[in-house]
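Just so you know, these numbers use all the heavy atoms, side chains as well, and skip hydrogens, waters and symmetry mates. Here the structure is a predicted model, which is why all the values come from computation and not from measurement.
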Amino acid sequence: MASDSNYQDGPDFSRRDESPTEDEPIRSPGSPRQTEYERIGGRTGSSFFQTIIHLLKGNIGTGLLGLPLAVKNAGLVVGPLSLLAMGIVAIHCMNLLVKCAHHLSVKMGKPFLSYGDAVEHGMENVPWLSRHSVWGRRVVNMFLNITQLGFCCVYFVFLSDNVKQVVETANATTVNCHNNETAVTVPSYDSRLYMLFFLPFIIVLVFIRNLKYLAPLSFVANISMCVSLVLIYYYCLTNIPYPINLPLAGRAVDYPLFFGTAVFAFEGIGVVLPLENKMQNPRKFPMVLYLGMGIVTTLYISLGTIGYIGFGEQIRGSITLNLPLCWLYQVVKLLYSFGIYITYALQFYVSAEILIPPAVARCGPRWAVMVDLSIRVALVGLTCFLAILIPELDLVISLVGSVSSSALALIIPPLLQIITFHNEDMKLWVMVKDIGISLIGLVGFVAGTYISIQEIVARNGSRHNSTHLQLL
């Protein structure tokens, strides 16, 4: 249930500098420093509970449903332990990002810094990087675009796979969810044709440029996804086989696929700064972060583990594709698909706010709306096209996670801490720790991307060969 209110409530990523209101005087860098959590001007915003809810929504999406397969790739013991370690590191990196952004915002006398702004101003602290600091913001925005549009590609694949399965088994589906009696399916269209079917509906959805008009649908979508998750948990917990004969550790060659899927699941790095900025009492945000992400990490480990135990070595793709083909769980697939459909617009909003305003600024008011809508159509078409090229849900998740999520969640925040505090008596062990985290992220970035691309090429080759044999 990726974030809906984070982009709605937080400042636009496209705007480098937020213009303060009359109540928010600009402080020069040489003016008296603010206390640790003092803000420029007064503030009203989200409560403690609301911020936790937004944080949960920003981290629970399609990545969660791919974790049982991820645990399979790592093993029954190695998988959960790796998820725990990755959760601890991801939470730590989120906290680093908040601290660095707040420190730099105080130093620059600005009420808020986005992720890209924080990296840019952090690079200005290093003399040999200051001349190229603008590239820090550009690189972060590039990875944000890859991540958000990658989410959108995943949503196309998820929608097509789940709806296709429901359609193909509709004639034989029963009310008996204990024995899977609907093994015979009626072949329908290729999943890529389902993507083309969804394309115009998603284009219409992203034409809604003000997210407040999506709020009612977003609320319904969140409820539907919550109900689906409860039923998925119920099935997994009530269908644990005994004894459990599963490998404790997976193959080393499959571990990069686990890494990509797992880091993709921690998809909320982009929501952290807007949520902290909008909180009524930002002193309590570290507590929100640790509590909220603790819940998320527990959810990830539990569903990934019991999902793998419940479905065993036969699990494939999203966990929803492995549920019994009875009406109850067919409804679960449709409910979650509806939630993902609405979430597409919310994730798309981030890239739209980065890419569209500069383009609209270059044209006159007469063409502004046309340019805006044209870019939206082009971006949706691009995500659909990429999804058609790689119609494998697990591999798309792993590739997006390895390429962009690892950079945003693991590589950049520790480096940002180094360049932000290197001249302020930073301890050697802290610097070594940051470099170590970034190197782990870099290794995962390279290995995960390589293995994901290798698997994509192999599966596309198999798909092409099977299609050729069918034609013969």
Side-chain angles (χ1 to χ4, degrees), residues 1 59-87 90 154-155 157-158 161-162 165 177 180 225-251 253-267 295-325 328-330 332-333 335-337 339-340 392-402 405 448 451-452 455 459:
M1 285 166 281
N59 282 274
I60 300 175
T62 52
L64 170 66
L65 302 182
L67 288 177
L69 181 59
V71 172
K72 173 191 172 183
N73 288 327
L76 186 58
V77 172
V78 176
L81 290 178
S82 298
L83 279 175
L84 176 61
M86 186 169 292
V154 169
Y155 294 165
V157 180
F158 181 89
D161 284 351
N162 282 270
Q165 189 180 78
C177 294
N180 195 347
M225 294 171 79
C226 284
V227 171
S228 299
L229 282 177
V230 169
L231 292 173
I232 290 171
Y233 258 98
Y234 172 78
Y235 177 80
C236 292
L237 289 172
T238 55
N239 287 272
I240 296 178
Y242 297 98
I244 300 173
N245 296 311
L246 295 171
L248 302 183
R251 299 188 305 162
V253 70
D254 292 331
Y255 194 83
L257 294 176
F258 162 83
F259 176 87
T261 305
V263 74
F264 177 94
F266 289 96
E267 58 191 69
I295 294 172
V296 168
T297 303
T298 303
L299 187 66
Y300 287 176
I301 295 173
S302 60
L303 184 60
T305 304
I306 65 174
Y308 175 44
I309 293 173
F311 295 106
E313 292 294 306
Q314 291 73 37
I315 191 168
R316 61 187 179 89
S318 166
I319 193 173
T320 54
L321 298 175
N322 301 270
L323 293 171
L325 302 177
L328 175 63
Y329 293 107
Q330 298 290 59
V332 166
K333 297 168 192 174
L335 286 175
Y336 213 96
S337 295
I340 292 299
E392 305 288 346
L393 182 63
D394 56 326
L395 295 183
V396 176
I397 289 176
S398 181
L399 180 61
V400 174
S402 298
S405 298
I451 297 297
S452 297
E455 286 292 317
R459 286 200 198 174

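A ring-centre distance under 6.0 Å is not found for F158 and Y155.
For the atom pair D161 CG and R316 CZ, the distance stands at 8.0 Å (nearest 0.5 Å). Summarising the geometry, atom CZ belonging to F266 is positioned 4.0 Å from atom OG1 belonging to T297; distances are rounded to the nearest 0.5 Å. Separating the CG atom in L399 from the CG atom in L257 is a distance of 10.5 Å, to the nearest 0.5 Å. One distance of note links CG of L328 with CG of L231; it measures 5.5 Å at 0.5 Å rounding. Note that CG of L303 and CG of L237 are 9.0 Å apart. Values are rounded to the nearest 0.5 Å. The structure places CG of N73 at 11.0 Å from CD1 of I451, a figure rounded to the nearest 0.5 Å.
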Report task. Go through the steps to decide whether L81 and I301 satisfy the test side chain to side chain contact (heavy atoms under 4.5 Å, CB included), and finish with yes or no. Result -> CA-CA 8 Å; L81 290 178; I301 295 173; over 6 Å; no

**Report entry** Evaluation steps, side chain to side chain contact (heavy atoms under 4.5 Å, CB included), between F264 and V154
**Finding:** CA-CA 11 Å; F264 177 94; V154 169; 4.0 Å; yes

**Report entry** side chain to side chain contact (heavy atoms under 4.5 Å, CB included) evaluation trace for Q165 with L325
**Finding:** CA-CA 9 Å; Q165 189 180 78; L325 302 177; 3.8 Å; yes

Query raised in the report: What's the verdict on side chain to side chain contact (heavy atoms under 4.5 Å, CB included) for F311 and C236, showing C-alpha distance, side-chain angles and the deciding distance?
Result: CA-CA 8 Å; F311 295 106; C236 292; 4.1 Å; yes

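Between the side chains of T320 and N162, at least one donor N or O lies within less than 3.5 Å of an accepting N or O. Side-chain contact of Y336 with S318: a donor-acceptor pair under 3.5 Å is absent, judged by distance alone.
Two residues are said to be in side-chain contact when any heavy atoms from C-beta on lie closer than 4.5 Å; L64 and L229 meet this criterion. For the pair V332/Y235, no side-chain contact is recorded, criterion being any heavy-atom separation below 4.5 Å from C-beta on.
Not a single side-chain hydrogen bond (donor to acceptor under 3.5 Å, both in side chains) links S228 to another residue, sequence neighbours left out. Not counting sequence neighbours, the partners of E313 by the side-chain hydrogen bond (donor to acceptor under 3.5 Å, both in side chains) test are Y308.
When atom types are taken as modelled, the side chain of T305 and the backbone of S302 share no donor-acceptor pair closer than 3.5 angstrom. Judged purely by atom type and a 3.5 angstrom limit, Y300 has no side-chain atom pairing as donor or acceptor with the backbone of L83.
Among the candidates N322, L321, I309, the single residue satisfying the side chain to side chain contact (heavy atoms under 4.5 Å, CB included) test with I315 is N322.
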